[in-house]
Amino acid sequence: MSRVRQPPLVTGISPNEGTSWTKVTIRGENLGTGPADLVGLSICGHNCLLTAEWMSASKIVCRVGPAKDDKGEIIVTTKSGGHGTSTVSFKLLKAEKIGILDQSAVWVDEMNYYDMRTDRYKGISPLSLRPSNPLGIDFDKGKVPLKDLEALFPGVSGEFTSENFSATWYLIENHSVTSFDQLRMAASNLKKQATKKNEGSLAYVKGGLSTFFEAQDALAAIHQRLESDGTERVEGSMTQRLENVLNRASDTADTLFQEVLGRKDKADSTRNALNVLQRFKFLFNLPLNIERNIQKGDYDVVINDYEKAKSLFSNTEVSVFKKVYAEVETRIGALRSLLLDKLLETPSTLHDQKRYIRYLSDLHASGDPAWQCISAQHKWILGLMQNCKEEFINCQRVGLGAIALDLEGDPRPSAFSRIRDTAPLNKGGILHTPRHNTWHYETPQQVQFVEKLSDVVIGQLPNFWKLWISYVNGSLFSETGEKSGQVEKSKKNARQRQNDFKKMIEEVTHRLVKLVRGALLPSTLTELELRLYGGWENKTELTGPWLTQVIHTVRIIFEALVALEIPNDLLQVIQDLLLELRHHCLLVTLHHTAEDVKRVAEKEDWVVDNEGITSLPAQFEQCMVQMLQSLKEPMETKPGEVNILQLDQDQASELCVDIIKVFINCLEQLSTKTDRDIDTSHMSVDLASPNLFSGIQEDFCPTLEQRLLIILSNCQYLEKHTFLNLAEHFEKHGFTGTEKITRVTVHAVKELDESLFDAYIERKSDPIVGSLEPGIYAGHFDWRDCSTPTGVRNYLKEALVNIITVHAEVFTVSKDLVPRVLTRIIEGVAEEISRLMQCVSSFSKNGAIQARLEIDSLRDAVASYLSSESHASFKQALEVLPQLHNGADKKLLEELLNTFKSSMQLQLTCFQPSNVQPVKR
């Protein structure tokens, strides 16, 4: 266990009294184990740790600070021993400070003073002595850190000798906890000092005025007394005696004070001689000091010394002084040239520019350095912008930054790839294993160019504008410049050059716009402008997302310039550029979406869900939604911008309609492809789906009839759901004319639906209808000469089986299509039966029973799918047949009909209404 150290104990201090900043030696016990162990030291309540120097465990050397208390203890605090105690005290003497204007008979050492911040004495000029306490009250400093003051008051100081003196800083630093009464007393002291300076030596007369009056009254009384006594002219009178006494008193006083007055005169003459020597020494050393300070970069010191020398020796008649002063002027002239070169040097920060302009102003440089700097910055910004374009053009020519193509040669990811790589869709397991990322591409050169151009403009133009504002309001000059009238001269020059600066800003904004147009919208430039701002020979056609990024970048430029309060008329060209870029982005995105839609259709996998819908409608809808989402930023109308959808409503609506028609045409092409044209390499099978074609395997390839049914089902879904969803998305994203888009596209998909439906019915209905007549008259059957009916003949059963086959095929794809398809087929069959019956010239009794049996059997079997046309056809067929009047014939017909229904009950079950409802999306 470590031994606990005793707390520090101060037993002695030498000297034990003194003024502020007196160096003292503290002795005692347990004063710390090292410099790091010493964490606190206070004398008379003032923290002296900053100046403390740990010597040993029994000795510390430090300087006494300006404490509040006149007498107090010495407290040492260490990490190892904690808070200490003291057996001795220190007395702080408050020495009266003698200011530079105060009268004194003693010599004041003005050449050296102690600087507490550097812990050493510094030599200064007699003209730069620090003033005494102006408020006449004790300092009462708080705990406000110097860094916080510098952050609150940038560019100013709490020092009296500083050109940027701030009274607020001085009060917070030295009197932050002083009471209000003390501050009121300080204000009274300031008023007294000001009154005293104004009155000058007259104040001494006023102060002794009462004494003069009393002396005059006394002399008048003595004169009256002497006149009354009559002894005024008598030798040896009281007056004579009094005069003698006064003369002796005067001689004695002269004898006593002659030595003191002599020392005072000698001190005054010595002081004047030292001042003269110091002045001449300053002049002779000035050229060398100027050279040294220029090399160190202390231009403020050079300017101050030059101003001092100029005030003292500019009009001198002494030849030696003239020669030295001429050399000083030569050095100052070289400094002006150096500062002007640094001012016009690029790149440069706004702080340095203002600093060099202030230096040149204080040195009374010829011309207008501020305007020269503005002109140089303007040319430099234009050069940067042009060099930026040339750099990218040269890189493009040597083949740098080329965009890597994907495996199919397309430099941009299609909507289908984005769909595959984002969220899975809900339709029947459309997307399964996403393919590997083969879309290797880099940012196009034009996009990189616009971003680099943005960095140039945003990085340089704000400082350029701020420099002009400082030039206008005259804040570029120091107090010396304000006194010499340079501020007013600068403001006058700025007013005269407003139009010139406006042209500079216009040139920068126009150059920016033309460079962007040359890279992205070359068709908007003239042939001459293309030669200057174009040259993008191998430029890549930008897609919507890249154009959106460009629009975002240009908007950032515009917002940055608006934040500088640049007039709107100077920024209108950027607004016009934004409008054209947004319009171009809209058209490009719509065109590329049409291409993406074609690729989506080519990826049809023919896998259906419970409703007979494949992934195609959902992929198409997501492709369109993704297009609208990508257009969200370009179509967004920022303050001051125009709504591009309202500007060109018809063109945007027509392009949207064209995209949807492209998809409808793709559906039509899919339906007409032969089996050999279908690409099955991308197909996949959702084994979890309970409603698949009966014979689907992994190498499934749908037949033409199956493709027709699938596309018919997709068309119905497009009409009832997809197009309505798209209309909502269009309205949500601000598109106008959605009713027209919906109406035109629904009409187009209905036309395709009717065309495909007729094609399917033709392929399925014609064989069934065509087989009826040969089946009826098979075996030379004759309605006029036939045997007694024993049941429904095979031709009708075959027709029903064929209809059942169609039912199964349609039901496998989509339950919703079954009534529509079967109703249409049965209409054809009923019409053919009616035609055949009407063609028979006559019927025997047995022929009439056989015909009625077959017609009734067919009609009853498909009763659920009979339409008004079917009913009319069956009715016409029955009306042609002879009526059965015999009860036995009717009974036979009924028995045979029941026998047919019973024998084919299982087959006819599919014609019963289904109780299974399709799953709604």
(request) Carefully, step by step, assess Val64 and His46 under the rule side-chain contact (heavy atoms from CB on, under 4.5 Å). (result) CA-CA 8 Å; Val64 181; His46 184 270; over 6 Å; no
(request) Determine, stepwise, if the pair Tyr299 / Leu338 fulfils side-chain contact (heavy atoms from CB on, under 4.5 Å). (result) CA-CA 11 Å; Tyr299 303 120; Leu338 175 64; 4.2 Å; yes
(request) Hey, could you give me the CD/CD1 distance between Glu53 and Ile60, rounded to the nearest 0.5 Å? (result) 10.5 Å
(message) Within this structure, what is the CZ-OG1 distance for the pair Arg355 and Thr349, rounded to the nearest 0.5 Å?
(response) 7.5 Å
(request) Please round to the nearest 0.5 Å and tell me the distance separating atom OG1 of Thr270 and atom CG of Asp265. (result) 10.5 Å
(request) Would you mind reporting whether Leu564 and Lys466 have side-chain heavy atoms less than 4.5 Å apart? (result) yes
(message) Within the 4.5 Å heavy-atom criterion, are Leu340 and Leu344 side-chain neighbours or not?
(response) yes
(request) Please name the pair of heavy atoms, one in Ile357 and one in Ala370, separated by the smallest distance, quoted to 0.1 Å. (result) CD1-CA, 3.7 Å
(request) Kindly indicate, with the supporting measurements, whether the criterion salt bridge (Lys or Arg N to Asp or Glu O under 4.0 Å) is fulfilled by Glu559 and Arg555. (result) CA-CA 6 Å; Glu559 291 170 0; Arg555 276 177 169 165; over 6 Å; no
(request) Side-chain contact test, heavy atoms from C-beta onward, threshold under 4.5 Å: evaluate it for Val61 versus Lys23 and give yes or no. (result) yes
(message) Using only atom types and a distance under 3.5 Å, with no angle test, would you say the side chain of Glu451 pairs donor to acceptor with the backbone of Thr553?
(response) no
(request) Show your working on side-chain contact (heavy atoms from CB on, under 4.5 Å) between Ile294 and Val302 and close with a plain yes or no. (result) CA-CA 7 Å; Ile294 289 177; Val302 175; 4.2 Å; yes
(message) Distance check, rounded to the nearest 0.5 Å: Met185 atom CE versus Ser188 atom OG?
(response) 8.5 Å
(request) Walk me through it: do Glu329 and Tyr306 pass the test side-chain contact (heavy atoms from CB on, under 4.5 Å)? (result) CA-CA 9 Å; Glu329 286 289 355; Tyr306 173 66; 2.9 Å; yes
(request) Assess whether salt bridge (Lys or Arg N to Asp or Glu O under 4.0 Å) is satisfied between Asp455 and Lys452, documenting all intermediate values. (result) CA-CA 5 Å; Asp455 293 339; Lys452 183 67 178 296; over 6 Å; no
(request) Would you name the heavy atoms of Pro66 and Trp21 that are closest together and state the gap between them? (result) CD-CZ2, 3.6 Å
(request) Supply the atom-to-atom distance Asn289 CG to Asp298 CG, rounded to the nearest 0.5 angstrom. (result) 11.0 Å
(message) Within the 4.5 Å heavy-atom criterion, are Leu343 and Gln353 side-chain neighbours or not?
(response) yes
(message) Minimum heavy-atom separation for Pro8 and Leu31, please, with both atom names.
(response) CB-CD2, 4.2 Å
(message) Quick check: do Tyr356 and Glu345 have side-chain heavy atoms less than 4.5 Å from each other?
(response) no
(message) Is there a side-chain contact between Gln182 and His175 in this structure, where contact means two heavy atoms from C-beta onward sitting under 4.5 Å apart?
(response) no
(request) Examine distances only and state if a side-chain atom of Asp305 and a backbone atom of Ile290 form a donor-acceptor pair shorter than 3.5 Å. (result) no
(request) List the atom of Pro35, the atom of Trp54, and the distance in Å for their closest heavy-atom pair. (result) CD-CE3, 3.7 Å
(request) Mark yes when over 12 heavy atoms from residues, nucleotides or ligands other than Asn315 sit less than 6.0 Å from its CG; otherwise mark no. (result) no
(message) Looking at every heavy atom in both Leu41 and Cys62, which two are closest together, and how far apart are they?
(response) CD2-SG, 3.7 Å
(message) If you compare all heavy atoms of Val39 against all heavy atoms of Leu49, which two are closest, and at what distance to 0.1 Å?
(response) O-CD2, 3.3 Å
(request) Check whether any side-chain heavy atom of Tyr325 lies under 4.5 Å from a side-chain heavy atom of Lys310, and answer yes or no. (result) yes
(request) For the pair Trp468 and Trp371, name the ring-plane relationship: parallel under 30°, tilted 30 to 60°, perpendicular over 60°. (result) perpendicular
(message) If you define the side chain from C-beta out and look only at heavy atoms, does anything of Val24 sit under 4.5 Å from Ile74?
(response) no
(message) Ser80 and side-chain hydrogen bond (donor to acceptor under 3.5 Å, both in side chains): which single residue from Asp37, Asn30, Thr33 fits?
(response) Asp37
(message) Rounded at 0.5 Å granularity, tell me how far CG in Leu363 sits from CZ in Arg358.
(response) 11.0 Å
(request) Report yes or no: does Thr51 contribute a side-chain atom to a donor-acceptor pair with the main-chain N or O of Arg63 at less than 3.5 Å? (result) yes
(request) Report yes or no: does Arg27 contribute a side-chain atom to a donor-acceptor pair with the main-chain N or O of Gly12 at less than 3.5 Å? (result) no
